[in-house]
Amino acid sequence: MARVPGDLSTERYDQFALEEWVKRFWEDNDVYRKVKEKSSRSQRKMYFLDGPPYASAKSIHPGTAWNKVVKDVLLRYYRMSGFNVWDRPGYDTHGLPIEVKIEQKLGVKVKKEIQERIGIDRFIMECKRFVDENMEAMTRQFREIGVFMDWDNPYITYTDEYIESGWWLVKRAWERGLLYEGLRVLHWCPRCETTLADYEVSEYRELSDPSIYVKFPVKGREREYLLVWTTTPWTLPANAFVMAHPEMKYVRVRVGGDVLILAKARLEHVMREAGVTDYEVLEELEGRELEGLEYTHPLEDLVPAQRELSRFHRVVMAPEAVTPYEGTGLVHAAPGHGTVDAEVAEKLGAPLVSLVDDRGFMTEGAGKYRGMYFRREANEAIVRDLEERGAVFHKGVIVHRYPVCWRCKTPLLLRATRQWFIAVTKLKDELVREADKIEWRPGWAKERFMNMLRELRDWVISRQRFWGIPLPVWVCRSCGYKHVVGSVKELEEMGGRRPENLHRPWIDEVRLRCPKCGGVMERVPDVLDVWFDSGVAFYASLGYPMNRELWERLKPVDFIVEGHDQIRGWFFSLLRSGVIGFGEAPYRRVLVHGFMLDEQGREMHKSLGNYVEFEELISKVPRDVVRLWLLQNTVWEDLRFSWKGLDLMKRDFTVMWNVFAFASLYMSLDRFDPEETRLEDVREHMEVEDRWLLSRLQALVEGYRRAMEDLRPHEAARALRDFIVEDVSRWYVRLVRRRVWVEEDTPSKRAVYATLYTALKTWTLLAAPFIPFTAEYFWQKLFRKAEKEAPESVHLAEMPEPDEKWRDERLERDMEAVRSIVEAALAARQKAGLKLRRPVRKVILALRRSDYVEAAERLKDLIARAVNAKEVEVGGPELLGGALEYRVEPDYSALGPRYKRDLPVVLELLKERPGEIARAIVERGVYKTVYKGVEVELTRDDVRISMEPPEWLSVEEFEGGLVAVDKRIGREELLEGIAREVVRRVQAMRKEAGYHVEDYVVVWLRGDPEVEESVKAMIDYVAREVRAVEVRVGEEPPSDADVAREWEVDGEKLVIGLKRAEGPAFKR
RNA sequence: GGGCCCGUAGCUCAGCCCGGUAGAGCGCCCGGCUGAUAACCGGGUGGUCGGGGGUUCAAAUCCCCCCGGGCCCA
């Protein structure tokens, strides 16, 4: 019993239904598990590490879908290529954004409420539940779009095992002497009561602040002042010194009875702002001359902290802090409240004094201002006091962009706080060396990464929050000894008990015994930065170090794939953790993908209202269409979302479906059994187009594999699309149509089937990673039906290898030439109004390129078929030379300037010998002669050449030369053409009557004598084409005909009637 | 302010690494096909390759400067 492919043409194409069917098929047959099992039997490991998406919402961003789809296509490719693929997905679950969502839900306004009203335990459980719900929803969506990853077993950063793995790295850092505690000036949110990482400082508001010019009295000089400008009066109590630029010009200016010092570049502006017109420049001096100039702080006596700071009160050189574009060129430095200030202070040995507490209120050290909120009462009181003391030169208001907390919109402040650091700056050389070993796609990502490493700073790992990995540092209450715990086991060895959960607050209860003094140790309350979490994923997701075997076996990570925002994010944090923990880069290859932008090219964001919900997307566009659309985009470039683009992609799917439906229809009708008829069996019956398609197929396989190996999936996607749409549908199928329409079982037909079957099957395998649903459908409906041993799923099959014996590059090049020749011939036909249906006597190819001539000679028959000509004549330009009459018109703008007063001679020449000149230019590009003593050289640019082909020729020019169609239709062609017109109309009526492709009919036909004569002359042809058992020429259709219609052919009336009939086929 | 990326037809984008006659799809106009058909095919239309300068016989492509957009920093 022959096994034959199923027939897709019997069903209506519905991509949505197809995908539902496949989804069910996968579920019912446990396909993912089987794929995984097969993969795990391989010895060649492929460790892929999923960058964990942040589980803070239920609906995934279309960009997140893109991210996973890119990963999926590579994973599927590697699995089909025989690798043992590690594909555990992950979720990033800790951190402030999630805490804030829970705060909102619980109505928390200030952090203290969490401890006092809600309880940390309940807060943590709420966070966990929130994350669990999000993860579930996200997983559903990833599965929905066909991502084959280990969804039953994701790594989750909040689990105890993961936390324990995280501790291990902190301990490593400590052991290597990299962990330290220190002060760092960071943005701080007084509502959330925590620091914000630099990247979190992303939102700004237009806020108004005081803009004051303050006079700092210069020591030892009567009524002489440094003029400083500030918009943050609350930082003045913490002033330590004043910064100036050594290379800027400064001036001493007399204003009233005072002398002020400020930058020359700012003088005019400041005076105008202060409304001072009467001033006198006393002296001009270089910034460096100010160095060391001492001053007195105007509020010194009110602020106790000044006692410690006053010894630094002088001008210091700090070009990085001074600009000529704002202020006075003298910058007040409060090292505890400014980033640059702190850096300069460090060099001077000045302390980072911060006078604001966690909640934004001035501290004890601020003396008089203690208890005042920084941007309100403190500002007002300080300005008032300065005014009373005559220390304000001018007071105004400024509206400027001021950073606010991206969660609660509270204005931020800069503040020195105690934090835990990892001294990665000490590892810089190692980091650079290791980064250099990584393979980057595209190459510029490496450059960007290296640039970033140059600006490396120590890593602040601590956060003063709750939902995170607890910092595993315990401090002895008695002796102050600090110890870092690297595991739960160590916790127990030091006298602690494993808490029910490693999060706060349970971990906070764990007390240890001090190894130094035997005293009680308590944990510092901080948690870790969330970048820490994902950064350790490369080993923590494998359970290292509790389970060492897995990491030892899989390391290093073979590839990772994320967006270009992660160059500074995850790619960096992974490398950092790898170097801290293991002294090497934890991953080998990186593929960077772009950003999903909206239709206008702006960032797509919920708050901008230009956001496309994943659910909406998937409900409107089939999954594979979305996937292929995402994947054809140059992977590292940004992608503009586009409904229209998706719609176009849908059209390609229709073409693809039609190709498969076409193939399956005839294969199943003719009971083609691919196991019985193999390619080798029909080799000698193949036509050039068969050999050509097979060669193209090898090229496809080769190019596809190269692209995939090199992490350029978009090139593979485009190649797949081009092959099926351009090569198979638009060319091959067109050429072989007539070969499959024949009734009998011919070897030629079988050659087509074997060729098409191989091409489509191979294509399906290659396409499987990209459009897993559709490929699976074809696999089940066509290939698995036809082949006994076919794997149960296309995703369990092997990637095809190119087979050189079917490669024929010359043929591919020939066909390339032939396609453009045919195109030109069709254009020539069209110009002459000769429908393709009507055969023509002759097509003449006058080709100027020898490779085209050779190609056309070799593929002459194919050209004849494609352009429907009885004869094709091939030759060089001379072939048409004699037949064409040229007209030549001068281009005065080109000739004029060149020949000037000789122009009339040239014009005369053109009139005299137009044909000769034109032919020379067309054929050789140039015409040279000496005419009446003038040396003339003419090219195409000098003249406009038009061709006057004779009446009976239609000529078309293309890059390869000229193609001419002989318009003279002989009796034979005329009859054949009319017969084909009749056939076409009968076909339309068959369709109208709803007949099946295989049904037979009786045809009645009555009309113009010439039409009737045509049909009679071509009776075998007509009958075969329309599957007639009988053709009654000259008879009106009977009243019981299934359909009857009147047509017009070449302006003459024609009546046709049809009635379904039993076979057999027409015999004369 | 800095680093990197992008800027090509009305629209979406290939081509740029490795210089050699500007391409595709969509749109629009015209035509064809009708046994893959609520499809499909062909032709036409349309471009200062963001702008300027340089290297070169030759630049969309290599180099420099500028402009606009994106990402990441400051």
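In what follows, every chain begins at residue 1, and chains take the letters A, B, ... in the order their sequences are listed.
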Using the C1' atom as the point on both nucleotides, what is the distance between B/rG53 and B/rG15, in whole Å? 24 Å

Within the pair A/Y666 and B/rA36, is there a side-chain N or O less than 4.0 Å away from OP1 or OP2? yes

Nucleotide paired to B/rG42 in any strand shown, Watson-Crick or G-U, under 3.5 Å: B/rC30

Any strand counts, and the cut-off is 3.5 Å on both contacts for Watson-Crick or G-U wobble. Which nucleotide pairs with B/rG19? none

Of all the nucleotides listed (B/rG43, B/rA36, B/rC4), which has the minimum atom distance to the side chain of A/A827? B/rG43

Calculate the interatomic distance between A/R984 atom CZ and B/rC33 atom P; express it in whole Å. 6 Å

Hunt down the Watson-Crick or G-U wobble partner of B/rU37, both distances under 3.5 Å, from any strand shown, or write none. none

Which of B/rA36, B/rG3, B/rG42 is nearest the side chain of A/L826? It is B/rG42

If I pick the C1' atom on B/rA60 and the same atom on B/rG1, what distance separates them, to the nearest angstrom? 31 Å

Do A/D529 and A/W459 have a side chain donor and acceptor closer than 3.5 Å? yes

Rounded to whole angstrom, note down the P distance from B/rG47 over to B/rC11. 12 Å

Between B/rG70 and B/rG27 - P atom distance, rounded Å: 29 Å

Starting at atom CG of A/L669, determine the distance to atom C1' of B/rA36, rounded to an integer number of angstrom. 13 Å

Does a side-chain N or O from A/R829 land closer than 4.0 Å to OP1 or OP2 of B/rG42, or not? no

Contact check, side chains of A/L720 and A/W763, non-hydrogen atoms, under 4.5 Å: yes

Is NZ or CZ of A/R737 both nearer than 6.0 Å to the six-membered ring centre of A/W741 and within 45° of the ring axis? no

B/rC63 and B/rC4, which share atom name P, separated by this distance in whole Å: 12 Å

Name the closest nucleotide to the A/V655 side chain, picking from B/rC4, B/rG42, B/rC40. B/rC40

Before accepting this row, confirm whether a basic side-chain N of the pair A/D727/A/R819 lies closer than 4.0 Å to the acidic partner's carboxylate O. yes

Taking side-chain contact (heavy atoms from CB on, under 4.5 Å) as the test, write out the residues that go with A/R568, two or more places apart. A/M452, A/E455

At under 4.0 Å, does any side-chain N or O of A/R448 touch on OP1 or OP2 of B/rG3? no

With the side chain defined as heavy atoms from C-beta on, A/R568 is closest, among B/rA36, B/rG43, B/rC73, to B/rC73

Quick one: on RNA chain B, does A/E981 or A/H564 contact a more 5' nucleotide (nearest heavy atom)? A/E981

Expressed as a whole number of angstroms, how long is the span from A/Y732:OH to B/rA36:P? 15 Å

Provide, to the nearest angstrom, the distance between the CD atom belonging to A/Q566 and the P atom belonging to B/rC72. 9 Å

With a 3.5 angstrom cut-off on both distances, give the Watson-Crick or G-U wobble partner of B/rC71, or none if there isn't one. B/rG3

With a 4.5 Å limit on heavy-atom distance, are the side chains of A/L453 and A/F572 in contact? yes

Pair A/R990-A/D1042, salt bridge (charged side-chain N to carboxylate O under 4.0 Å, His left out): steps then yes or no: CA-CA 9 Å; A/R990 283 183 60 111; A/D1042 295 333; over 6 Å; no

A/D565 CG to B/rG70 C1': how many Å, rounded? 12 Å

Watson-Crick/G-U partner (both atom distances under 3.5 Å) of B/rA60: none

The single option from A/F595, A/W636, A/W440 that satisfies ring-ring contact (aromatic ring centres under 6.0 Å, His included) with A/H564 is A/F595

Measure the distance from NE2 on A/H61 to C1' on B/rC71 and round it to the nearest whole Å. 14 Å

How does each nucleotide of nucleotides 7-30 of chain B score, in 5' to 3' order, for protein heavy atoms under 4.0 Å: base (B), sugar-phosphate only (S), or none (-)? -----SSS-----------SS---

Please tell me which of A/R980 and A/F595 maps to the more 5' nucleotide of RNA chain B, matching each residue to the nucleotide holding its nearest heavy atom. A/R980

B/rC73 C1' sits how many Å from A/H187 NE2, rounded? 13 Å

Roughly how many Å apart are B/rG20 and B/rA38, using the C1' atom of each and rounding to a whole number? 47 Å

How close or far is atom C1' of B/rC72 from atom CH2 of A/W570, stated in whole angstroms? 18 Å

Within less than 4.0 Å of OP1 or OP2 of B/rU37, is there a side-chain N or O belonging to A/N658? yes

As its Watson-Crick or G-U partner within any shown strand, both distances under 3.5 Å, B/rC11 has B/rG25

